[in-house]
Amino acid sequence: LRGSSVLQQTPAYIKAQTNKMAMLSCEAKISLSNMRIYWLRQRQAPSSDSHHEFLALWDSTKGTVHGEEVEQEKIAVFRDASRFILNLTSVKPEDSGIYFCMIIGSPELTFGKGTQLSVVDFLPTTAQPTKKSTPKKRVCRLPRPATQKGLKGKVFQESLSPDACTETTAILQPYRSCLAHGS
């Protein structure tokens, strides 16, 4: 049973830097007495001739049990309640592949959906946003009509006399260059 919801693996995809550590998680959504969780690796994309390499298992009485050709100091399996964590230390590019957790039932095998591990020499960095310099806006403050001599309140009158318009134009004259630029 591949990709079962009984075993939930996280993350689905992980990048790790060469010689660093990678941690993969498998959560069992069922309760088993004497539970054994197996961790397998598939080095190439799934195909008819690809195979799963047994890395280690977690046994409720023995703890971590390693596969025969596995560097034991590189791999450990830990249990945290219903989660089983595969801890890979000093990863190398050849450790890249899809990692599956699995349980053996009777008679079926149940697999998690897998975690794709890519080991790279350099992890991509998050680019900092470029700060765009914006030119300073020219601030023009128009005078308040109430503070201008001889023009108190005339700007706000509903029907302006021709004299009031002339006076308003005269007051606004120093600000014309500012008004022309749309600021």
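The figures that follow rest on heavy atoms only: side chains count, while hydrogens, waters and symmetry mates do not. Note that the coordinates shown come from a computational prediction; the quantities given were computed from them, not determined experimentally.
- At a threshold of 4.5 Å between non-hydrogen side-chain atoms, the residues Leu88 and Leu117 count as touching.
- When the side chain to side chain donor-acceptor pair (under 3.5 Å) test is applied to Ser90, no partner is found at least two apart in sequence or on another chain.
- Between the side chain of Gln9 and the backbone N or O of Gly114, at least one donor-acceptor pair lies under 3.5 Å.
- The list of disulfide bond (SG atoms under 2.5 Å apart) pairs with a residue in residues 54-120, not counting sequence neighbours, reads Cys26-Cys101.
- Side chains of Val77 and Leu57 form no contact here, defined as non-hydrogen atoms less than 4.5 Å apart.
- Residue pairs meeting the salt bridge (Lys or Arg N to Asp or Glu O under 4.0 Å) criterion with at least one member in residues 60-76, sequence neighbours excluded: Lys74-Asp95.
- Taking the six-membered ring where tryptophan is involved, the planes of His52 and Phe111 are tilted, since the angle between them lies from 30° to 60°.
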Pairs of donor and acceptor atoms involving the side chains of residues 18-25, under 3.5 Å and at least two apart or interchain, shall be tabulated with distances.
unit_1 : atom_1 : unit_2 : atom_2 : d
Thr18  : OG1    : Val120 : O      : 3.2
Thr18  : OG1    : Asp121 : OD1    : 3.0
Asn19  : OD1    : Lys92  : NZ     : 2.3
Ser25  : OG     : Arg83  : NE     : 3.1
Ser25  : OG     : Arg83  : NH2    : 3.2

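- The side-chain heavy atoms of Ile30 and Thr110, taken from C-beta on, include no pair separated by under 4.5 Å.
- Not one N or O on the side chain of Ser82 forms a donor-acceptor pair closer than 3.5 Å with the backbone of Glu27.
- Taking hydrophobic clusters as Ile, Leu, Val, Met, Phe, Trp and Tyr residues chained together by side-chain heavy-atom distances below 4.5 Å, Ile75 does not share a cluster with Ile85.
- Counting heavy atoms from C-beta outward, Ile98 and Thr115 have side chains that stay 4.5 Å or more apart.
- To the nearest 0.5 Å, atom OH of residue Tyr38 and atom CG of residue Leu86 are 15.0 Å apart.
- Sorted by first and then second residue, the ring pair (Phe, Tyr, Trp, His ring centres under 6.0 Å) pairs with a member in residues 62-98 read Trp58-Phe84; sequence neighbours excluded.
- Membership of an apolar cluster is not assigned to Phe122, as no side-chain contact below 4.5 Å to another ILVMFWY residue is traced.
- Atom CG in Asp59 sits 10.5 Å away from atom CZ in Arg79 (nearest 0.5 Å).
- Met102 and Leu40 make their closest contact through SD-CD1, 3.8 Å (heavy atoms, listed as atom of the first residue, atom of the second, distance).
- When the side chain to side chain contact (heavy atoms under 4.5 Å, CB included) test is applied to Ser118, the partners found at least two apart in sequence or on another chain are Tyr13, Lys15, Gln116.
- Take Tyr99 and apply the ring pair (Phe, Tyr, Trp, His ring centres under 6.0 Å) test, not counting sequence neighbours, and it matches no residue.
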